[in-house]
Structures are given as structure tokens and as C-alpha cells.
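These values consider heavy atoms only, across backbone and side chains, with no hydrogens, waters or symmetry-generated copies. Letters A, B, ... mirror the listed sequences (proteins, then strands); counts begin at 1.
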Amino acid sequence: MLARGQAGEKVRVQGWVRTRRDSKGVTFLELNDGSCLAHLQVVAEAGHPALRELAPVTTGSGVALEGLLVQSPGAGQAVELRLERVLLATPSHPEYPLQKKRHTLEYLRTIAHLRMRSNTLGAVFRVRDRLFHAIHGFFRERGFLFLAAPIITASDAEGAGAMFRVTTLDVETPPRSSSGSVDWSKDFFGKGAHLTVSGQLEGEAFALAYHDVYTFGPTFRAENSNTARHAAEFWMVEPEMAFADLAADRALAEAFVREVLGQVLEQCREDFALFEKHWEPGLLAKLDHVVKSSFEVMDYGEAVGHLETSGEAFQFPVSWGADLQTEHERWLTEKKVGRPLFVVNYPKAIKAFYMRANDDGRTVAAMDLLVPGVGEIIGGSQREDREDVLRERMREMGLPLEDYQWYLDLRRYGGVPHAGFGMGFDRLLMYITGMSNIRDVIPFPRVPGYVEF
RNA sequence: UCCCCGAUAGCUCAGCCGGUAGAGCGGGUGACUGUUAAUCACUAGGUCGCAAGUUCGAGUCUUGCUCGGGGAGCCA
């Protein structure tokens with residue numbers, strides 16, 4: 001209405017009161033309905049009969065009003081609503097915990113059921129919605145088939161990472177086998193089950209039937225990670241393409257980041273202006289740079305070489321075979337190349353079992369996309385499509401082959417080369433909003449020791 | 001899991017060498033001819049996170065615990 005409303009229109013509005021200002025001759029209400037950052041100013045002259053019904057209305061109250069949209073004589077807004085009729089007025093208790101001033105993000109987390117009525121969190125969750133739809137739109141335009149990977153699973157995609165167990169057994173007195181261990185065959189599914197840590201393996205199965213697919217849904221990690229970047233429940237985007245190698249995977253990741261970012265920036269200008277002003281000065285320039293620059297590609301060996309000769313005093317030493325630390329990733333993308341950077345072909349010892357072995361015998365066709373400001377934001381690979389090589393690798397890493405027979409079958413029956421990547425949705429949202437704690441971009445976050453709301 | 005920092009009014013914080021609790025905002029009341037987180041006046045509001053210890057006396061010093069924040073590891 002603020003964007004399209006014409007003075008002279010009679011309108012009905014519904015929303016929540018952000019602030020009320022009374023003076024002798026006139027009353028002002030600022031209304032917000034979550035559709036945008038700006039508020040609608042409602043005006044009533046003293047003595048207007050409708051004001052009686054608005055007497056108990058204070059900050060936080062919900063109202064439905066009817067009135068005439070007029071040009072505003074005041075400076076802060078183009079149009080305002082001249083109140084005619086009150087359709088509904090639900091007062092808010094005086095102890096309403098959101099005040100007309102800036103709160104800390106830590107405090108807002110304690111009122112997660114109300115915090116989206118604040119300017120910052122209101123903007124975050126608006127951008128979250130736009131980003132969600134931009135991602136689906138990106139894949140849909142390219143003909144990718146969407147599949148919702150199962151949330152309850154019997155396999156562990158990475159062979160690492162603690163998982164949440166799903167069970168209906170009585171935890172006090174579970175059925176035991178003769179050896180004394182818990183007898184999972186008596187459980188709901190007839191075997192042990194967990195919450196998924198990744199939809200990738202299921203995505204691969206679908207890619208080998210539909211060519212290009214993606215999953216986008218919740219994933220779970222029971223890691224005891226106490227940082228601002230980890231949550232026990234978070235969302236991942238995982239595209240998978242058949243007849244694709246690492247170069248195609250890289251091209252997709254680059255197009256994905258640039259297009260999705262560009263689109264959200266365009267749609268949420270007002271919200272980004274708030275992030276820029278209050279949370280991360282320089283945010284818009286940073287994101288603009290990512291959208292406009294083409295991404296650099298660097299071999300892992302080359303990256304290690306640059307780091308070794310950088311002259312920087314890193315907290316962790318660098319040598320071929322070691323995984324890159326956040327400090328290394330940031331130096332490479334920020335100082336060395338000054339734009340988003342793909343590091344490719346990592347040592348196989350530090351990467352997952354399903355990544356395709358390169359001909360040099362010591363690296364795999366893996367890629368990480370590093371961006372200035374955070375470091376790694378996307379991890380992907382070409383998948384091992386040779387059944388014998390994959391089987392050998394899984395044996396090496398001690399994976400239970402019987403659980404993964406279906407995954408090996410994919411190679412046996414027309415297992416063409418394929419590749420994909422995974423991206424943490426909430427981390428991307430942190431990056432683009434400038435929020436530095438993942439708990440401030442997830443509606444109701446779950447982290448170790450905390451499940452409220 | 002490890003390291004560091006913090007916890008005082010509803011919120012954001014101040015409180016010196018240990019001497020008995022303060023501000024701003026918010027709430028309430030009143031004033032004000034169009035305000036923009038309005039302004040002005042008055043007013044209510046506190047087991048100083050919890051438990052112990054040192055002391056004539058602890059918000060202040062010591063120990064333990066709980067919760068929160070930052071960083072690291074692991075990762076997305």
C-alpha cells in the first residue's frame with residue numbers, strides 16, 4: 001500500500017501498532033503488518049468518535065482500520081491514513097516486551113515468538129522467505145526436478161557427524177539381545193534409524209533418472225558445536241546433475257550464487273539498507289562485488305603454495321595434505337584473489353568417500369567455494385561413478401557395505417558421471433544479511449542445550 | 001569439548017579503595033495545535049543470577065554452580 005497506494009483511495013488495513021503518539025489535537029499510530037520495513041502512519045483528530053475505541057491501544061496492539069489514504073503533510077512519509085472507522089482493536093498488555101528502542105539480539109532470542117515484530121528480525125525473515133523462493137526459482141527455470149529427501153534415514157551420508165537417533169523404544173528399559181546390547185530389530189523400523197544429515201545420496205539416485213535434480217530441506221547434526229555458525233537443525237540445498245563433471249558443478253554453483261543473490265538484493269532493497277546501516281557497513285558493496293565479479297579457480301596444491309609463501313603468521317601451519325582452516329580460506333579469497341574463489345582437487349584423505357578419485361591417485365574431484373567475509377559457503381564434488389573404485393574406498397574407510405548396497409547399485413546400473421554440491425541455507429542467509437549468529441536467521445533455532453518455543 | 005568475558009529495575013547500562021542502589025529508555029498520570037524511537041513535568045518499579053566463604057560490614061573480594069556472549073575444534 002505504501003508503494004502503490006494513491007491518495008484519495010478508501011482502504012482497510014490490518015496490522016500491529018509499533019508506536020502511538022498523542023497530543024492535544026491529534027493522535028498518530030504507526031502500523032506494521034510485516035509486508036515491509038516501513039510503517040503506515042494513521043492520523044485522527046482529537047474528538048474523532050473512532051478514537052474512543054482506540055483508547056486502550058498501545059504498542060503491540062492489533063488493529064483493523066478503515067480510512068482514507070491522503071498525502072501526508074509531514075516529512076516522514078508520502079501518504080498516511082486518515083482514520084474513519086475502527087473494525088477491530090485488540091489491546092496489548094502494558095508489559096509488552098518489545099520497546100520502541102533498540103534491543104540486543106541476545107534479548108530478542110529470549111522472546112523468539114515476538115522478535116519478528118522488531119525491525120531487524122522482521123527484515124531477516126522477510127529476506128529468508130525471498131531467498132527460499134529465489135532458490136526454488138533458480139532450479140525450476142533450469143528444469144531441475146525437486147525432491148524432498150527423507151528426514152528419517154537408515155544411512156549416514158558422510159560416515160561422520162553425530163546423528164540424532166529416532167526411536168520408539170522405551171529408553172529406560174530397551175529390549176536387549178543375548179549379548180546385552182540394545183536390540184534395534186525390535187524398534188519401530190525393525191532397525192536403527194536417525195535424522196538425516198544430508199539428502200545427497202537420495203539426490204544422486206534421482207539424478208540418475210531425471211538428469212538434474214535438487215533437494216532443499218531440513219538436516220540435523222547432533223554435534224556438540226557451540227559456535228555462532230552451528231545449529232542442530234538447519235536447511236540445506238543440494239543439487240545433483242547427471243552427465244556432469246566438476247567443471248559443470250562449478251559453473252552451476254557460480255551461476256547459483258550470483259543469480260540468487262542478485263535477485264534477493266533487488267527485491268529487498270529497503271531491508272538491505274537496514275542491515276547496511278545497523279549491522280554491517282559495507283554489506284551492499286560486498287554483495288554487489290560477488291554478484292558482478294566472475295569467480296576465480298585454484299587448485300588445492302596451488303592454494304597451499306600461495307599460503308606457504310604468503311609471509312602471513314597463521315595460527316595453524318599449512319602443508320600439503322592438511323585441511324584449510326577458516327583463516328587460510330579467508331586469506332585466499334580476501335587477500336590473494338579479492339573475490340569469490342573455488343579451491344578444487346583436495347587430498348582424498350581429508351574428503352568424503354563418495355568423491356571421485358583423480359588420476360594422480362592422491363586427490364579427489366572436490367570443490368569448495370570461498371567468499372570474502374566468511375570463507376567456505378559451498379562444498380561439492382564429482383561423485384565416484386566407478387563401482388569397483390567406490391567399493392574399495394568404502395572398505396578403506398570402514399563403511400558397512402551392506403547398508404550402502406543400493407548406493408553401489410546406482411553405479412552398477414547405468415551409473416554415468418554425475419556431480420553436485422551442498423549449501424547451508426542459513427549460512428548463506430547470515431552472509432547476505434550481515435547477521436553474525438545463526439540463531440538470528442532461523443525462526444526458532446535449535447542448538448546444543450537449547451530447544452525453546 | 002577447550003580457552004576468554006559477562007550476569008545490577010521490564011530493557012540498555014553506571015556503581016571508584018568493601019560502608020547498605022543510580023541514570024536513560026519503557027510503564028502509569030498530567031501537559032502540549034501535525035508528531036516521526038515526539039517533547040516537558042510528576043510517579044511507581046530492585047532477594048544486585050544461585051549457593052557458600054572472608055569481613056564489624058559484600059553489588060564490590062574468594063570458591064563452586066547455572067545461564068548468556070565471543071573465539072577455537074568439528075562442520076554446513
Side-chain angles (χ1 to χ4, degrees), chain A residues 18-32 38-47 56 58-60 70-78 80 82 92-111 114-115 118-119 157-158 160-162 196-200 217-238 278 315-316 323-327 329 350-352 368-369 374-380 421-431 436-442 447-450 452:
Chain A
R18 284 297 182 84
T19 178
R20 173 185 186 137
R21 290 182 291 270
D22 290 296
S23 65
K24 192 174 184 182
V26 62
T27 289
F28 297 98
L29 291 181
E30 299 256 6
L31 241 54
N32 191 283
H39 306 146
L40 175 70
Q41 176 163 281
V42 178
V43 195
E45 301 291 340
T58 56
T59 304
V70 298
Q71 284 207 318
S72 176
Q77 57 284 316
E80 63 188 19
R82 189 153 290 276
S92 174
H93 195 276
E95 279 168 20
Y96 183 63
L98 274 166
Q99 302 178 10
K100 299 182 283 186
K101 64 164 195 171
R102 202 160 140 186
H103 288 289
T104 59
L105 294 171
E106 292 79 23
Y107 172 67
L108 290 171
R109 274 173 222 150
T110 68
I111 49 166
L114 297 170
R115 64 176 178 168
S118 69
N119 287 338
E158 315 275 339
T196 186
V197 295
S198 165
Q200 180 195 316
T219 51
F220 307 85
R221 302 284 163 90
E223 298 284 355
N224 188 18
S225 297
N226 292 287
T227 81
R229 286 174 207 79
H230 288 83
E233 176 180 342
F234 62 99
W235 279 55
M236 272 215 287
V237 184
E238 295 175 291
H278 293 299
Q315 196 187 337
F316 292 89
D323 207 355
L324 299 180
Q325 302 293 327
T326 300
E327 58 174 346
E329 295 177 342
I350 58 171
K351 288 294 182 183
D368 279 356
L369 175 62
V374 284
E376 180 186 343
I377 200 165
I378 282 179
F421 66 78
M423 189 208 67
F425 176 70
D426 315 277
R427 286 221 182 138
L428 179 66
L429 188 59
M430 287 170 73
Y431 179 62
S436 53
N437 195 311
I438 198 164
R439 300 171 198 205
D440 298 324
V441 300
I442 296 178
V447 297
Y450 184 86
E452 297 303 318

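OP1 and OP2 of B:rA72 both lie 4.0 Å or more from every side-chain N or O belonging to A:Thr326. Checking the phosphate oxygens (OP1, OP2) of B:rG69, a side-chain nitrogen or oxygen of A:Arg109 falls inside 4.0 Å. Between B:rU36 and A:Gln77, no contact under 4.0 Å exists linking OP1 or OP2 to a side-chain N or O.
Interface remark: the A:Ser225 side chain does not form any donor-acceptor pair with the B:rC75 base, using a distance-only criterion of under 3.5 Å.
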Once base and sugar-phosphate atoms are separated, protein heavy atoms under 4.0 Å mark nucleotides 39-49 of chain B, 5' to 3', with B, S and - as -----------
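Annotation: side chain to side chain donor-acceptor pair (under 3.5 Å) contacts of A:Ser72 (sequence neighbours excluded): A:Gln77, A:Glu80. Checked against salt bridge (charged side-chain N to carboxylate O under 4.0 Å, His left out), A:Arg439 has no partners two or more places apart in sequence or in another chain. Under the salt bridge (charged side-chain N to carboxylate O under 4.0 Å, His left out) criterion, A:Glu327 pairs with no residue, sequence neighbours left out.
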Taking N or O atoms only and anything under 3.5 Å, show me the protein contacts with nucleotides 2-7 of chain B, one pair per line.
none

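Rounded to whole Å, atom P of B:rG34 lies 15 Å from atom CZ of A:Arg20. Taking atom NE2 on A:His230 and atom C1' on B:rG73, their separation rounds to 9 Å, with Å as the unit.
Where RNA chain B pairs in unbroken runs of 3 or more (Watson-Crick or G-U, both distances under 3.5 Å), the stems are B:1-7 with B:66-72, B:10-13 with B:22-25, B:27-31 with B:39-43, B:49-53 with B:61-65.
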